[in-house]
Amino acid sequence: MLTIELPDGSTRQYSQPVRPVDIAAEIGAGLAKATLAASIDGRVVGADTPLPEAGRVQLRILTKKDPEALAVMRHSCAHVMARAVMRLFPDVKLAFGPTIENGYYYDFDMPHKLTEEDFPKIEAEMARIIKADEPFERQVEPREKALALCQQLGQPFKVEHIETGLSQDPTLSFYRQGEFIDLCRGPHVPGAGKIGAFKLLSVAGAYWKGDAERQQLQRLYGTAFFSREELDAHLARLEEAKRRDHRVLGKQLELFSVNPLVGSGLILWLPRGAVIRGELENFVRGELIKRGYEPVYTPHIGRVELYMTSGHFPYYADSQFKPIEISEDERYLLKPMNCPHHIMIYKSRPRSYRDLPLRLAEFGTVYRYEQSGELGGMTRVRGFTQDDAHLFCTEEQVADEFRSCLEMTQFVLKSLGLDDYRVRLGFRDPKSDKYVGSAESWERAERALEEVCRGMNLPRLDIERGEAAFYGPKADFVVADCLGREWQLGTVQLDYNLPGAERFGLEYIGADNTPHRPVMIHRAPLGSMERFIGVLIEHFAGAFPLWLAPEQVRVLVVSEKVEAFGRQVEQRLREAGLRVTGDYRAEKIGSKIRDAQLKLVPYMLVCGAREAEQGTVAVRDRIEGDLGAMPVEAAVDKLLAEVAAKTVRKVVRSEFGGQKKDASGTDY
RNA sequence: GCUGCUGUAGCUCAGUCGGUAGAGCGCGUCCUUGGUAAGGACGAGGUCAAGGGUUCAAGUCCCUUCAGCAGCUCCA
């Protein structure tokens, strides 16, 4: 006897074998027709999956109202896409084709190079398949038969996957749809007709099983929704995200520039971008002083031997600019990190426990030779400035210092209204040999770090193996850009290795008058100025809060007759320390307002004959519009107060998740 | 680094079959002197990314390099 519990709390009992689709039909013909899949005890399955013969299960019939059903439908759409591609092109070998955050992809190996020009053809074929509405039929085979089937189908990737990734599975499932049959875990919607509005988005290379040593496949990306309206809304969101892209806004608003003659991945900060960076640096510097840090300055290069000692040179030679060679035994490296220099400042004299914790801070510019394919905008560059600091402390001080670093990072992000982030604990991958230091010191560091983090209220905290720095575990603040790509910003890293005897051999004299080894913490709340401001541009969609805005206020004169008054107002604002410009062109006021709005200037001061006579200005807020006239001094006070408070009035949220594999609808 | 796409005025882009280069915005000058998101006229501005090749002729076709974009791989 099987007892089915439905979401409304009602139960049904069956002594015959039964499938979700049968139960849906019992409830009503309408539901049966709308059924796309089912959830048994929280597990998403096809609507025709036999239910257990006995026991008690919770069943949900999934229709297009359920988010799980969308993922199932998209996976079915990926199959339809693969079927269409196989119909149109010869010798197509199928790899994986899962559902992802906002759609799906399928990887192919085929002689024809897919381009966007092929999309309409493929989409038309997909539409034909969907119109034909053939069912997705599940078929389960024992290993041997499955293997033979894949061989017979001429699908070497599927054969390999059965032999390797699925070596433990006694039976394997296939889904057939007309002439198309594919090794697939499922589930799928009952028939192709359930697929709604779809669109192919892009084609790109991808490696088989993610291994760069292996052959490269063609990955076709698409998305699908149940309705045309939802698809259009999604495409509109993508367009909106593109408009907010920091590379687009950075050019439009003249914030930064990259020039091939200077070198790719090397940012030129234009005056307006430099203002934002300068303000942020001032803000962070103020916090550092309050929190007991000591600013230092160090050079951009150092002897190769320094990085031999630190381990940077041997471990990361590939991703560094080649050394500058003066003579055979005199070579310099552009610094890839600031810590060795700061360590040498620590070592510039003997240290006592009374000196600790010692906190050395520097906006330090570092250079890393990133792979060319990785470069882009300000978020992945070859030269960047970290808001870096290194803390040297005793073992007893580690937890408090680490916690206060995390708190400072949280404070800084909160001050900018950046609260849409997750915290990733990067631990070492025990299987890898890229790390320095003993297993014991790693375990100690990871334990200490996890304990501190668990004790704080950090959003979406999770541990990721293999994400550690080579010298120690870390806590990263990760944010997504407007296209859903994740970036590490702030970071706090624990280091028991660089101070060690086999590296720099740092010491301090303890209260017991004997030498002890300090512990190091590396931390950067913003991460790098380049990446942080890139993300910030998207976060604010270019409309920065008043205290950061490159141009805070613009004086607009209604006619040239009041230019003299306008210039007086402009001068008064400049004296008050505001970043101000004036628009005295022979244009109409509406045109000047439009230009200032488009340049995202936070405030406009409109000056006409009335204002000139009364010594007032008509304040226009970029967001709220016309605020009416007020005395010049009142306007100055209002703006200065908003600057001082660092008020954040508006942010733009990222509407896209990452392109990570979805849990459901994954091919084998 | 790999695969694919792209590179034309300051910006966004058009440019047919290979036949000596175009728009809008911006910029400059002049007219207009105005009241909260585009007033009007005229004008300047190009080594068509760079180099090589095919051709009577190349922005257009081919090759190489550089750069950008998407994804993969990597990422202290």
Side-chain angles (χ1 to χ4, degrees), chain A residues 100 105 107 109 113-118 201-221 242 245 247-248 251-252 254 257-265 307 310-313 315-320 335-340 366 368-377 380 386 426 434-436 466-472 474 483 485 487-488 491 493 495 498 522 556-563 585-599 604-611 618-622 625-629 659:
Chain A
I100 51 175
Y105 66 76
D107 288 345
D109 181 36
K113 301 286 177 210
L114 289 168
T115 72
E116 293 191 13
E117 282 164 25
D118 297 319
L201 296 176
S202 63
V203 59
Y207 297 100
W208 168 236
K209 298 218 170 177
D211 183 350
E213 300 299 310
R214 306 219 31 191
Q215 87 199 80
Q216 189 149 22
L217 310 168
Q218 303 192 62
R219 177 170 294 178
L220 197 47
Y221 285 90
K242 273 188 200 149
D245 191 317
R247 292 166 298 191
V248 174
K251 187 180 268 184
Q252 241 168 49
E254 298 181 281
S257 167
V258 180
N259 186 305
L261 198 51
V262 175
S264 50
Y307 301 101
S310 70
H312 291 100
F313 189 64
Y315 279 85
Y316 291 98
D318 286 348
S319 40
Q320 286 164 6
K335 66 179 172 185
M337 289 184 86
N338 298 304
C339 32
V366 298
R368 300 177 188 177
Y369 195 81
E370 303 286 359
Q371 297 187 104
S372 58
E374 270 311 320
L375 300 173
R380 196 69 188 271
Q386 298 175 309
K434 71 170 192 175
Y435 307 101
V436 299
E467 284 293 325
F470 76 91
Y471 47 72
K474 58 179 183 168
L483 295 172
R485 293 176 290 205
W487 300 101
Q488 173 198 316
T491 184
Q493 314 181 348
D495 182 0
L498 293 183
H522 309 236
L556 310 179
V557 291
V558 172
S559 96
E560 288 176 1
K561 288 177 187 152
V562 285
E563 176 172 343
R585 291 175 304 164
E587 289 293 339
K588 302 220 290 195
I589 193 67
S591 164
K592 295 181 183 184
I593 285 169
R594 180 168 190 272
D595 289 343
Q597 288 282 150
L598 291 176
K599 283 282 187 206
M604 285 151 260
L605 302 184
V606 177
C607 303
R610 288 200 296 275
E611 288 78 15
V619 178
R620 183 185 165 96
D621 181 311
R622 189 188 65 81
D626 191 0
L627 301 182
Q659 300 248 307

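First the proteins, then the strands, lettered A, B, ... as listed; each starts at 1.
Distance from the side chain of Arg610(A) is smallest for G35(B) among the nucleotides A76(B), U33(B), G35(B). For Phe470(A), counting side-chain heavy atoms from C-beta on, the closest listed nucleotide (A76(B), A67(B), G4(B)) is A76(B). Nearest nucleotide to the Gln493(A) side chain, out of G71(B), C2(B), A76(B): A76(B). Distance from the side chain of Gln597(A) is smallest for A37(B) among the nucleotides G1(B), G35(B), A37(B). Candidate nucleotides U33(B), C74(B), U32(B) were compared by shortest atom distance to the side chain of Ala586(A), and U32(B) ranks first. Here the side chain of Ser372(A) is nearest to one of G34(B), U36(B), G1(B), namely G1(B).
Although no hydrogens or angles enter the test, the distance criterion places no donor-acceptor pair under 3.5 Å between the side chain of Glu370(A) and the main chain of Arg380(A). A donor-acceptor pair under 3.5 Å is formed between the side chain of Arg368(A) and the backbone N or O of Pro336(A). Formation of a donor-acceptor pair under 3.5 Å by the Gln320(A) side chain with backbone atoms of His312(A) is found in this model.
Salt-bridge annotation for Lys209(A) and Asp211(A): absent, with no side-chain N of the basic residue lying under 4.0 Å from a carboxylate O of the acidic one.
Among the protein residues, Ile593(A) comes within range of the nucleic acid bases, having at least one heavy atom under 4.0 Å from a base atom. Lys242(A) comes within contact range of no nucleotide atom at all, as no heavy-atom separation falls under 4.0 Å. Residue contacts for Gly210(A): at a heavy-atom cut-off of 4.0 Å it reaches the sugar-phosphate backbone alone, with no base atom in range. In this structure, Glu213(A) reaches neither bases nor backbone, as no heavy-atom distance under 4.0 Å exists between it and the strands shown. Residue contacts for Ala609(A): at a heavy-atom cut-off of 4.0 Å it reaches a base atom on one of the strands shown. Backbone-only contact: Arg247(A) has heavy atoms under 4.0 Å from sugar-phosphate atoms and none from a base. Residue contacts shown for Glu117(A) are absent, as no nucleic acid heavy atom lies under 4.0 Å away. Residue Leu556(A) is classed as having no contact, given no heavy-atom separation below 4.0 Å to the nucleic acid. Within the 4.0 angstrom heavy-atom criterion, only backbone atoms of the sugar-phosphate kind lie near Tyr471(A); the bases stay farther away. Nucleic acid contact for Gly608(A): base, since at least one base atom lies under 4.0 Å from a heavy atom of the residue. At the heavy-atom level, Lys251(A) lies under 4.0 Å from the strands shown only through sugar-phosphate atoms. Nucleic acid contact for Gly472(A): none, since no nucleic acid atom lies under 4.0 Å from a heavy atom of the residue. Counting any heavy atom pair closer than 4.0 Å across all strands shown, Ala204(A) reaches a base atom. Residue contacts for Ser319(A): at a heavy-atom cut-off of 4.0 Å it reaches a base atom on one of the strands shown.
For the pair Tyr369(A) OH and C74(B) C1', the interatomic distance rounds to 14 Å; values are reported in whole Å. Rounded to an integer number of Å, the gap from Glu467(A) CD to C74(B) P is 10 Å. For the pair Asp107(A) CG and G4(B) P, the computed distance is 15 Å after rounding to whole Å. Put simply, CD on Gln371(A) is 15 Å from C1' on A76(B), counting in whole angstrom units. Summarising the geometry, the separation between CZ on Arg219(A) and C1' on C2(B) is reported as 13 Å, rounded to the nearest angstrom. As rounded to whole Å, 15 Å separates atom C1' of U36(B) from atom CD of Glu587(A). Atom CD1 of Ile100(A) is separated from atom P of C72(B) by 9 Å (rounded to the nearest Å). The distance between atom NZ of Lys599(A) and atom C1' of A37(B), rounded to the nearest whole Å, is 15 Å.
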Dot-bracket for RNA chain B, 5' to 3', with Watson-Crick and G-U pairs under 3.5 Å, [ ] for crossing pairs and | for other-strand pairs: what is it? (((((((..((((.....[..)))).(((((.......))))).....(((((..]....))))))))))))....
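The separation of G40(B) from G34(B), taken at their C1' atoms, amounts to 14 Å, rounded to a whole angstrom. A58(B) and U20(B) are spaced 11 Å apart, taking the P atom of each and rounding to whole Å. Only the C1' atoms considered, A23(B) is 22 Å distant from G19(B), to the nearest whole Å. For G45(B) and G10(B), the C1' atoms lie 9 Å apart once the distance is rounded to whole Å. Rounded to a whole angstrom, the distance from the C1' atom of C66(B) to that of C75(B) is 24 Å. Nucleotides G46(B) and U8(B) are separated by 15 Å at their P atoms, to the nearest Å. Going from the P atom of U64(B) to that of U6(B) covers 15 Å, rounded to whole Å. Distance check on atom P: A49(B) versus A67(B) gives 16 Å, rounded to whole Å.
By the 4.5 Å heavy-atom criterion applied to side chains, Arg585(A) and Asp595(A) are counted as neighbours.
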Could you go step by step and tell me if Gln488(A) and Lys474(A) meet the side chain to side chain contact (heavy atoms under 4.5 Å, CB included) rule? CA-CA 11 Å; Gln488(A) 173 198 316; Lys474(A) 58 179 183 168; 3.2 Å; yes
Residue pair Gln218(A), Leu220(A): steps toward the side chain to side chain contact (heavy atoms under 4.5 Å, CB included) verdict: CA-CA 6 Å; Gln218(A) 303 192 62; Leu220(A) 197 47; over 6 Å; no
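The two atoms that bring Gln493(A) and Ala469(A) nearest to each other are OE1-CB, 3.9 Å, heavy atoms only. When every heavy atom of Asn338(A) is checked against every heavy atom of Val366(A), the shortest pair comes out as OD1-CG1, 3.6 Å. Heavy-atom minimum distance, Leu375(A) versus Ser264(A): CD1-OG, 3.7 Å.
Note on Arg380(A): every side-chain N or O is 4.0 Å or more away from OP1 and OP2 of C74(B). Applying the 4.0 Å criterion to OP1 and OP2 of C72(B), one finds that Arg214(A) has every side-chain N and O outside that range. Between Tyr316(A) and the phosphate of A76(B), there is a side-chain N or O to OP1/OP2 separation shorter than 4.0 Å. Regarding contacts with the backbone of A76(B), a side-chain N or O of Lys434(A) is found under 4.0 angstrom from either OP1 or OP2.
Distance check, rounded to the nearest 0.5 Å: CZ of Arg485(A) to CH2 of Trp487(A) gives 6.0 Å.
A donor and an acceptor atom sit less than 3.5 Å apart, one in the side chain of Glu560(A) and one in the base of U33(B). One can find a donor-acceptor pair under 3.5 Å joining the base of C2(B) and the side-chain atoms of Gln216(A).
A side-chain hydrogen bond (donor to acceptor under 3.5 Å, both in side chains) with Gln597(A) holds for exactly one of Arg622(A), Lys592(A), Arg620(A); it is Arg620(A).
With the nearest nucleotide of RNA chain B identified for both Ser591(A) and Leu114(A), Leu114(A) has the one nearer the 5' end. If Lys561(A) and Ser264(A) are placed on RNA chain B by their nearest nucleotide, the residue sitting closer to the 5' end is Lys561(A).
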